[in-house]
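One structure below.
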Amino acid sequence: MTKPIFKLQDLDKVTAVIQQYFEGLHQGDIKKLDAIFHADAVLKAPGMRRTKSQWLDLVSSRQTPESQSAAFNYRILSVDVVNHQAMVKLYCPLFEHHYIDFIGLLKEDEQWRIVNKMYDDL
């Protein structure tokens, strides 16, 4: 008998973190976003690198999709969970952009946190 590579509750917890990510983006809620990103998380786009604090400063200084009555059309495109790591592919329409995000998560101290975000506009 082979050992399962993840527990179903881990998949549920990963998707709950991603839902919180969507809500944080949409509402511009940096406390919600701060809670799900690891302290040393790095956000990367082609030609751009940001620390978590740099990104949160940017989010806090812009208008929010919610304040502009933008539709909540964020979607999970795929989820891979293997033991204590996960990779999630997302569709994130923000303002005039249509981002595809690759979100890397690790489970440490029984908590799933985002450790890496790579993104690009379609």
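Just so it is clear, the structure is predicted and the values come from calculations on it, not from any experiment. Side-chain atoms are counted along with the backbone in the values below, which use heavy atoms only and exclude waters and symmetry mates.
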Would you please test His98 and Asp121 for side-chain contact (heavy atoms from CB on, under 4.5 Å) and show each step? CA-CA 5 Å; His98 297 272; Asp121 194 7; 4.1 Å; yes

Start with the C-alpha distance between Leu43 and Arg49, add both sets of side-chain angles, then the distance that settles side-chain contact (heavy atoms from CB on, under 4.5 Å), and finish with yes or no. CA-CA 6 Å; Leu43 297 90; Arg49 305 293 185 271; over 6 Å; no

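Although no hydrogens or angles enter the test, the distance criterion places no donor-acceptor pair under 3.5 Å between the side chain of Ser67 and the main chain of Gln63. Proximity of a side-chain donor or acceptor of Arg50 to a complementary backbone N or O of Leu58 within less than 3.5 Å is not detected.
The shortest distance between side-chain heavy atoms of Lys89 and Ile100 falls below 4.5 Å. Inter-residue side-chain proximity for Val79 and Leu11 is flagged as met; some heavy-atom pair is nearer than 4.5 Å. Between Tyr119 and Ile103 there is no side-chain heavy-atom pair separated by less than 4.5 Å. For the pair Asp120/Tyr99, no side-chain contact is recorded, criterion being any heavy-atom separation below 4.5 Å from C-beta on. In this structure, Val115 and Leu105 have side chains that are not in contact, with every pair of non-hydrogen atoms separated by 4.5 Å or more. Inter-residue side-chain proximity for Trp55 and Leu33 is flagged as met; some heavy-atom pair is nearer than 4.5 Å. Between Asn116 and Lys44, some side-chain heavy-atom pair lies under the 4.5 Å cut-off. Counting heavy atoms from C-beta outward, Gln111 and Lys13 have side chains that stay 4.5 Å or more apart.
The hydrophobic clustering, which links ILVMFWY residues whose side-chain heavy atoms are closer than 4.5 Å, places Leu90 and Met87 apart. Residue Val88 is not grouped with residue Leu106 when hydrophobic side chains (ILVMFWY) are merged at heavy-atom distances under 4.5 angstrom, including chains of intermediate members. If you chain together hydrophobic residues whose side chains sit under 4.5 Å apart, Leu56 and Ile36 fall into the same group. Val17 and Val59 fall within the same hydrophobic cluster, where Ile, Leu, Val, Met, Phe, Trp and Tyr residues are linked whenever their side-chain heavy atoms come under 4.5 Å apart, directly or through other members. A continuous path of hydrophobic side-chain contacts links Phe102 to Leu77 [ILVMFWY only; heavy atoms under 4.5 Å].
Relative orientation of the Tyr74 and Phe22 rings is parallel, given thresholds of 30° and 60° on the angle between their planes.
A distance of 15.0 Å separates CZ in Arg75 from CD1 in Ile18, rounded to the nearest 0.5 Å. Taking CD of Gln20 as the start and CG of Leu25 as the end, the distance is 11.0 Å to the nearest 0.5 Å. In this structure, NE2 in His26 is found 5.0 Å from CD in Glu66, a value given to the nearest 0.5 Å. Distance CD1/Ile30 to CZ/Phe37: 12.5 Å, rounded to 0.5 Å. The NE2 atom of His38 sits 8.0 Å away from atom CZ of Arg113, with the distance rounded to the nearest 0.5 Å.
When only modelled atom types and interatomic distance are considered, Lys117 and Tyr21 share a side-chain donor-acceptor pair under 3.5 Å.
Partners of Phe95 according to the side chain to side chain contact (heavy atoms under 4.5 Å, CB included) rule, which considers only residues two or more places apart in sequence or in another chain, are Arg62, Pro65, Gln68. Listed by chain and number, the residues in a side chain to side chain donor-acceptor pair (under 3.5 Å) with Gln85 amount to none (sequence neighbours excluded). Residues satisfying the salt bridge (charged side-chain N to carboxylate O under 4.0 Å, His left out) test with Lys52, not counting sequence neighbours, are Asp34.
The number of heavy-atom neighbours closer than 6.0 Å to CD of Gln9, taken from other residues, nucleotides and ligands shown, is above 12.
A salt bridge links Lys32 and Glu23; the closest N-O separation between the charged side-chain nitrogens and carboxylate oxygens is under 4.0 Å.
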